[in-house]
Amino acid sequence: MDLTTFLIQCLNSVQYGLLLFLIASGLTLIFGIMGVINLAHGSFYMIGAYLAFTLSSLTGNFVLALLLGIVLAVAFGYLLEWCFFSFLYEREHLQQVLMTYGLILVFEEIRSILVGDDVHGVPVPGWLSGGIAIGNDMTYPVYRLFISGVCLLLAAAMYVALKKTRLGMMVRAGATNREMVQSLGINISLLYRIVFAIGVAIAVLAGMIAAPVSSVYPGMGGSVLIICFVVVVIGGIGSIKGALVASLLIGFVDTFGKVFWQQAAGALVYVLMAAILLWKPEGLFKQGT
């Protein structure tokens with residue numbers, strides 16, 4: 001492998017890892033902080049991809065489609081938590097699994113009725129369709145750099161929101177001791193509803209910005225759900241920083257695994273998870289970090 005190819009694979013690794021972080025960070029908020037095993041999280045990613053396909057076709061403007069999609073996702077997440085997830089916090093994990101799996105089936109059926117079962121593509125916006133020269137005869141797509149930039153901005157925003165704001169302080173306190181926070185006069189139900197809506201919006205945004213490079217197809221949420229749980233487990237349940245580090249590790253292992261050892265590339269991520277859990281059973285970072 002020459003230096004140019006190595007650099008391109010490194011960029012692919014970072015881009016995939018950052019996109020994976022964007023998906024998994026929403027799951028970290030919902031699973032790690034709120035204690036709900038949400039199997040439907042991959043469906044939010046799928047909804048985002050289909051929103052990108054539908055809204056970009058209607059508006060003809062990808063940025064406007066992103067903004068509309070985020071607003072719709074926040075409203076959808078808020079309503080979904082109020083109607084369904086608010087009843088799960090005190091329930092057993094089995095009931096959480098059954099209900100969220102049921103939501104997967106509902107979302108897939110609604111998707112099939114509204115959009116059909118065909119594979120769709122979302123065009124890359126014209127102003128992001130070019131490439132940057134790397135070496136003498138290779139280019140790297142500008143849109144993939146755009147994905148990485150969006151993910152980095154959101155990672156920084158989440159860090160500041162959780163560590164430096166009053167809302168973040170209440171979220172971290174609520175994750176540690178819900179009853180104590182409630183006794184201090186904080187509306188923990190509203191707080192959880194906001195956190196859930198943000199988690200849904202992040203997953204939807206990930207699906208929207210990934211649509212132009214991954215296509216839009218039925219069942220696409222299931223392919224990311226398992227790897228998102230792997231990210232959460234490796235990084236440490238409830239740790240945003242851990243989700244970022246774990247996502248980048250998985251990005252490098254998966255990308256270079258497909259380059260050097262294609263037959264076993266799918267298993268390397270799980271080998272990585274097993275090795276880290278043998279070393280640190282609680283994950284790389286503690287909850288709330």
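As the structure is a computational prediction, the values presented were derived from the model and not from experiment.
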Flag, side chain of H41 to backbone of A24, donor-acceptor distance under 3.5 Å: no
Heavy-atom side-chain contact between L19 and V213 under 4.5 Å: no
Could you check if a side-chain atom of N61 sits within less than 4.5 angstrom of a side-chain atom of L55, using non-hydrogen atoms only? no
Output for pair (I198 CD1, I70 CD1), nearest 0.5 Å, gives 12.0 Å
T100 versus I37: any side-chain heavy-atom pair under 4.5 Å? no
Are V14 and L11 close enough that some pair of their side-chain heavy atoms sits under 4.5 Å apart? no
For A197 and Y78, the nearest pair of non-hydrogen atoms, with its separation, is CB-N, 3.7 Å
Consider only side-chain heavy atoms of I, L, V, M, F, W and Y, link residues closer than 4.5 Å, and tell whether L103 and I110 are in one cluster. yes
N/O donor-acceptor pair under 3.5 Å between S112 side chain and E109 backbone: no
Kindly indicate whether the side chain of V142, heavy atoms from C-beta on, has any atom under 4.5 Å from the side chain of I132. yes
Check the pair L249 / L284 against side chain to side chain contact (heavy atoms under 4.5 Å, CB included), numbers first and verdict last. CA-CA 11 Å; L249 281 174; L284 294 175; 4.1 Å; yes
Evaluate the side-chain proximity of F62 to V122: yes if any heavy-atom separation is below 4.5 Å, no if none is. yes
Tell me whether V271 shares a hydrophobic cluster with F229, the cluster being built from Ile, Leu, Val, Met, Phe, Trp, Tyr side chains joined at under 4.5 Å. no
Give the intermediate values and the outcome of side chain to side chain contact (heavy atoms under 4.5 Å, CB included) for residues I23 and L27. CA-CA 7 Å; I23 308 168; L27 183 61; over 6 Å; no
Is the centre of the F53 ring less than 6.0 Å from the centre of the Y217 ring? no
I'd like to check F256 versus C10 (side-chain heavy atoms, cut-off strictly below 4.5 Å). Are they in contact? yes
Keeping the roles fixed (side chain from S215, backbone from G121), state whether a donor-acceptor pair exists under 3.5 Å. no
Looking at CD1 of I47 and CG of L51, how far apart are the two atoms once the value is rounded to the nearest 0.5 Å? 7.5 Å
Closest non-hydrogen atom pair, S214 against M220: OG-CE, 4.3 Å
Once rounded to the nearest 0.5 Å, what's the spacing between atom NE2 of H120 and atom OG1 of T54? 8.0 Å
Side chain to side chain contact (heavy atoms under 4.5 Å, CB included), that's the test. Do L167 and L191 meet it? Break it down for me. CA-CA 8 Å; L167 175 64; L191 182 64; 3.3 Å; yes
Of all the heavy-atom pairs spanning F87 and W82, show the shortest one and how long it is. CE1-O, 3.9 Å
At their closest point, which heavy atom of F107 faces which heavy atom of A40, and how far apart are they? CE1-CB, 4.3 Å
Show your reasoning for whether side chain to side chain contact (heavy atoms under 4.5 Å, CB included) applies to M170 and I188. CA-CA 9 Å; M170 290 189 293; I188 195 69; over 6 Å; no
Are Y270 and I250 linked, directly or through other ILVMFWY residues, by side chains that come within less than 4.5 angstrom of each other? yes
If I take atom CG from residue L272 and atom CG from residue L277, how far apart are they, to the nearest 0.5 angstrom? 9.0 Å
On a heavy-atom basis, the closest approach of S25 and M158 is OG-CE, 3.5 Å
Tell me whether L67 at atom CG has more than 12 heavy atoms from other residues, nucleotides or ligands lying less than 6.0 Å away. yes
Is there a side-chain contact between L80 and F44 in this structure, where contact means two heavy atoms from C-beta onward sitting under 4.5 Å apart? yes
Between atom OG of S247 and atom CG of L18, what is the distance when rounded to the nearest 0.5 Å? 8.0 Å
Can you tell me if Y143 uses its side chain to pair, donor with acceptor, with the backbone of I209 under 3.5 Å? yes
Is the ring pair F196/F85 parallel, tilted or perpendicular, if the boundaries are 30 and 60 degrees? tilted
Any donor-acceptor pair under 3.5 Å from Q96 side chain to L88 backbone: yes
Between CG on residue L152 and CG on residue L244, distance to nearest 0.5 Å: 8.0 Å
According to a hydrophobic-cluster definition based on side-chain heavy atoms being under 4.5 Å apart (Ile, Leu, Val, Met, Phe, Trp, Tyr only), do L79 and M46 belong together? no
Closest approach of T28 to A243 (non-hydrogen atoms, all atoms of both residues): OG1-CB, 3.8 Å
In the single-linkage hydrophobic clustering (I, L, V, M, F, W, Y; side-chain heavy atoms under 4.5 Å), do V36 and L190 co-cluster? yes
